[in-house]
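To start, the structure itself, in structure tokens.
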Amino acid sequence: MINRELSRIFEDLADMEDIEGNRWESLAYRRVANSISLLAIDVLDLYHSKQLRKIEGVGSSIEKKIMEYIETGKISKREDLKEKYNIDFESLRKIQGLGPKRIAILHLSLGIKNLDDLVEAIRNDQISKVPGFGPKSQDALKKSIKFYKSSGADRIPLATCYDDIQEFLSKLRTSGKFTRLELAGSARRLRDTVGDIDLLCSSDDPSAAGDYFTGLGEVKNVIAKGETKISVLLSLGLNCDLRIIDSNSFGAALQYFTGSKEHNIRLRAMAIDGGMKLNEYGLFKGNDSLASLTEEDVYSKLGLELVPPELRENMGEVEAALQRRLPKIVGFEEIQGDYHTHTDATDGHSTFDEMVEAGKKLKYKFMAITDHSKSLKVANGMDEKRFQARNRKIDGYNETTDSIRILKGVELEILKDGSLDLPNRLLNEMDVVIGALHQQISDHMKTNTLRLIKAIRSGMLTTIAHPTGRLLGTRDAYRIDFDAVFEACEENDVALEINGFPTRSDLPYDLVKRAKSYKISFTLGSDAHSTNQLKYLWFATAIARRGWLESKNVINANPYASKGLARQIN
DNA sequence: GCCGTTTTCGGCCCGACTGTTTTCAGTCG
């Protein structure tokens, strides 16, 4: 996958154009760097299918640059600028407080090219003597470098920190220092990964509230502290911004700080077109405030339906809201059970009884037990004999209770040649057959795609498990022609899984939205390997919401769900 | 360099905070 590399290259170009004073080119490059970094699909595949222009912000000039990069490994414009600015922007830009301009000043005055040079210059007390810098700047840079080196990855899966965030929120709420406190930013939009935590509050005594906040035990370092904005580093390794807001403009502020940036830019441009101005204090016409108390007011005065936070990505939601055609996205409370769980019969850590009890406690109407098939040896995958015994056990259990129905399931290996890991006579007994690629993945798109399509056409699968195979921060999506796979799913009544396991989050939301344009159903699964991981079903639901799915698209939200076979409802 | 329910040209979001400044530029979100 070349996305990360390309995204870095355009950031690099943006930095150099900034120094050159070409503000708008810089803006264009930065936009493209951002939209490429959000893509789950390989830009290389978009190149092959001649769809580069479909990437947000890619016009003719940037399209040419991407093609040049793929065909020659270089972009001449960048090579030219690199002659002039031989600087490692990538590492230097990660230091808080260093932007392109200040990096350029340090480069011109001290010859600083990279992080090592910067550390050396600080050690020699050279920075504080550069015009525009001073002792405070030097000290701040020294601190930033220290924090950069001690911190790990910049974004972490939402599901791995969401409990911590909620706990932190509830501690703040019960402190009595705030009249209102809300989560904003990408965590409120339920993006699959978060880079920092944005909080909004109002208080009768803002200054005392701010002091309370910076004095918390969870706060490791205070980065900035003003009257309305405080920025800190939390001990759980995330930055946290707290904005202190007048309660009269809470709705406008909540809208503003929930983002996304791209969504807000669209809204503010709309405001301008209507002779208005939108900022975190409200929607204004001249000096008159038109809306500020609630988010709904702001959207309404702009002529829009209230857009759910999960959809605010500038991916068509503004147009839909304008035409009052926003989807009624599936509700968390509509999800009646889990389509993907494991037990200690294979690689899980909880027993069958423990998992079933936990499902019952969660008031699930159904739960599919989908242990691995025999070829996945590392997970102690089960053969036909073991599955038959397991199926009899499930039948026996279902006789004893009406409160939950346990579905006979399997996460089935799709073998290298696209054939299936277990015989049809066994698969016909199953309620849920989730076909999965785990082993012997090819670098060739065609090979992977044909392998999947052959399995889909077998007539035995109900669902494709974690379709892209990506692991957040570890492994990119497999190279697959997703449109061809979606088409095959549509033709053969096979559903797509949305896997809520934190490092998977697969399908990613943008591909969910793309798949929705086909007549495909979706199953949500936690992929829980122990009872305490069943909560990941909630995050699968979050992805479904971000992918614009309605309850009719999601089998788990459907009265047929407990009958098992996904193909029954298509 | 991109983009279009006014526009294929002329715009391009907006404000807080910081440090180094005598009024503002750079950075950040």
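Residue numbers begin at 1 in each chain, while the letters A, B, ... track the order of the sequences. Any value given below was found using the heavy atoms of this structure, including those in side chains, with hydrogens, waters and symmetry copies removed.
- Heavy atoms of A:Leu267 sit nowhere under 4.0 angstrom from any nucleic acid atom.
- In this structure, A:Glu68 has no salt bridge (charged side-chain N to carboxylate O under 4.0 Å, His left out) partners at least two apart in sequence or on a different chain.
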Under 4.0 Å protein heavy-atom contact, by nucleotide of nucleotides 6-12 of chain B - B base, S sugar-phosphate only = ------B
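- For residues 224-233 of chain A, the set of pairs meeting the salt bridge (Lys or Arg N to Asp or Glu O under 4.0 Å) definition, not counting sequence neighbours, comprises A:Asp211-A:Lys225.
- Across all strands shown, A:Asp241 has heavy atoms under 4.0 Å from sugar-phosphate atoms exclusively, and none from any base.
- Distances shorter than 4.0 Å separate none of the side-chain N or O atoms of A:Arg23 from OP1 or OP2 on B:dC2.
- Of the possible polar contacts, one joining the A:Arg155 side chain to the A:Thr193 backbone as a donor-acceptor pair under 3.5 Å is found.
- Listed nucleotides: B:dC2, B:dG29, B:dC28. Nearest to the side chain of A:Ser61: B:dC2.
- In this structure, A:Glu63 places its CD atom 14 Å from P of B:dG1, rounding to the nearest Å.
- Using cut-offs of 30° and 60° on the angle between ring planes, the pair A:Phe501 and A:Tyr536 is perpendicular.
- Between A:Ile197 atom CD1 and B:dG29 atom C1' there is a gap of 15 Å when expressed in whole angstrom units.
- Remark: the separation of the C1' atoms in B:dC9 and B:dG15 is 29 Å, to the nearest Å.
- Straight-line distance from the CG atom of A:Asp196 to the P atom of B:dC28: 13 Å, rounded to whole Å.
- Counting only residues at least two apart or in different chains, side chain to side chain donor-acceptor pair (under 3.5 Å) contacts with residues 4-21 of chain A comprise A:Arg4-A:Asp476, A:Glu5-A:Arg8, A:Glu11-A:Arg30, A:Asp12-A:Arg78, A:Asp12-A:Lys82, A:Asp15-A:Arg30, A:Asp15-A:Arg93, A:Glu17-A:Asn22, A:Glu17-A:Lys77, A:Asp18-A:Ser26, A:Asp18-A:Arg30, A:Glu20-A:Lys84, A:Glu20-A:Tyr85.
- Whole-Å rounding puts the A:Tyr256 OH to B:dG15 P distance at 7 Å.
- The CG atom of A:Leu200 sits 13 Å away from the C1' atom of B:dG29 (whole-angstrom rounding).
- Nucleic acid contact for A:Ser26: none, since no nucleic acid atom lies under 4.0 Å from a heavy atom of the residue.
- Protein atom CD1 of A:Ile62 is 12 Å distant from nucleotide atom C1' of B:dC3, rounded to whole Å.
- When A:Leu39, A:Val32, A:Ile66 are each tested for a side-chain contact (heavy atoms from CB on, under 4.5 Å) with A:Leu6, only one passes: A:Ile66.
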Summary of protein contacts for nucleotides 16-26 of chain B, nucleotide by nucleotide, where a base hit scores B, a sugar-phosphate-only hit scores S (4.0 Å, heavy atoms) | SSSSS-----S
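- By the 30° and 60° cut-offs, the orientation of the rings of A:Tyr29 relative to A:Phe10 is parallel.
- Among pairs with a residue in residues 132-142 of chain A, those fulfilling side chain to side chain donor-acceptor pair (under 3.5 Å) read A:Asp125-A:Gln138, at least two apart in sequence or across chains.
- A:Arg93 comes within contact range of the sugar-phosphate backbone alone, with a heavy-atom separation under 4.0 Å but no base atom that close.
- Summarising the base pairing, B:dT8 is matched to no nucleotide, lacking a Watson-Crick or G-U wobble pair whose two defining distances lie under 3.5 Å.
- B:dG1 and B:dT5 have their P atoms separated by 23 Å, with the value rounded to a whole Å.
- Of the residues in residues 66-92 of chain A, those lying under 4.0 Å from DNA chain B by heavy-atom distance are A:Lys77.
- Atom CG of A:Asp117 sits about 9.5 Å away from atom CG of A:Leu110, to the nearest 0.5 Å.
- Residues of residues 301-322 of chain A having a heavy atom closer than 4.0 Å to DNA chain B: none are found.
- Nucleotides B:dA16 and B:dT21 have their P atoms positioned 24 Å apart, rounded to a whole Å.
- Under the salt bridge (charged side-chain N to carboxylate O under 4.0 Å, His left out) criterion, A:Arg123 pairs with A:Glu120, sequence neighbours left out.
- A search for salt bridge (charged side-chain N to carboxylate O under 4.0 Å, His left out) contacts involving A:Asp297 returns nothing, not counting sequence neighbours.
- Following rounding to the nearest Å, A:Phe257 (CZ) and B:dG29 (P) show an atom-to-atom distance of 12 Å.
- Looking at every heavy atom in both residues, A:Leu190 comes nearest to A:Arg546 through O-CD, 3.0 Å.
- Both A:Leu278 and A:Asp198 sit near DNA chain B, but only A:Leu278 has its closest nucleotide nearer the 5' end.
- Annotation: the span from A:Ile55 atom CD1 to A:Leu38 atom CG amounts to 11.5 Å, rounded to 0.5 Å.
- Legend: residues meeting salt bridge (charged side-chain N to carboxylate O under 4.0 Å, His left out) with A:Lys74, ordered by chain and number and at least two apart, are absent.
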Test A:Phe539 against A:Tyr162 for ring-ring contact (aromatic ring centres under 6.0 Å, His included), laying out the working first.
-> CA-CA 10 Å; A:Phe539 295 95; A:Tyr162 202 69; 5.7 Å; yes
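- Nucleic acid contact class of A:Lys64 (heavy atoms, under 4.0 Å, all strands): none.
- Atom pair A:Leu233:CG and B:dG29:P shows a separation of 12 Å (rounding to whole Å applied).
- Both A:Met276 and A:Gln323 lie near DNA chain B, and the one whose nearest nucleotide falls closer to the 5' end is A:Gln323.
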Donor-acceptor pairs are to be reported for all side-chain atoms of residues 242-249 of chain A against protein atoms at under 3.5 Å, with residues two or more places apart or in another chain.
{"unit_1": "A:Asp246", "atom_1": "OD1", "unit_2": "A:Asn248", "atom_2": "N", "d": "2.8"}
{"unit_1": "A:Asp246", "atom_1": "OD1", "unit_2": "A:Asn248", "atom_2": "ND2", "d": "3.3"}
{"unit_1": "A:Ser249", "atom_1": "OG", "unit_2": "A:Asp246", "atom_2": "O", "d": "3.3"}

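- For the P atoms, the distance from B:dT27 to B:dT20 is 14 Å, rounded to whole Å.
- Taking the P atom of each, B:dC28 and B:dT23 are spaced 25 Å apart, rounded to whole Å.
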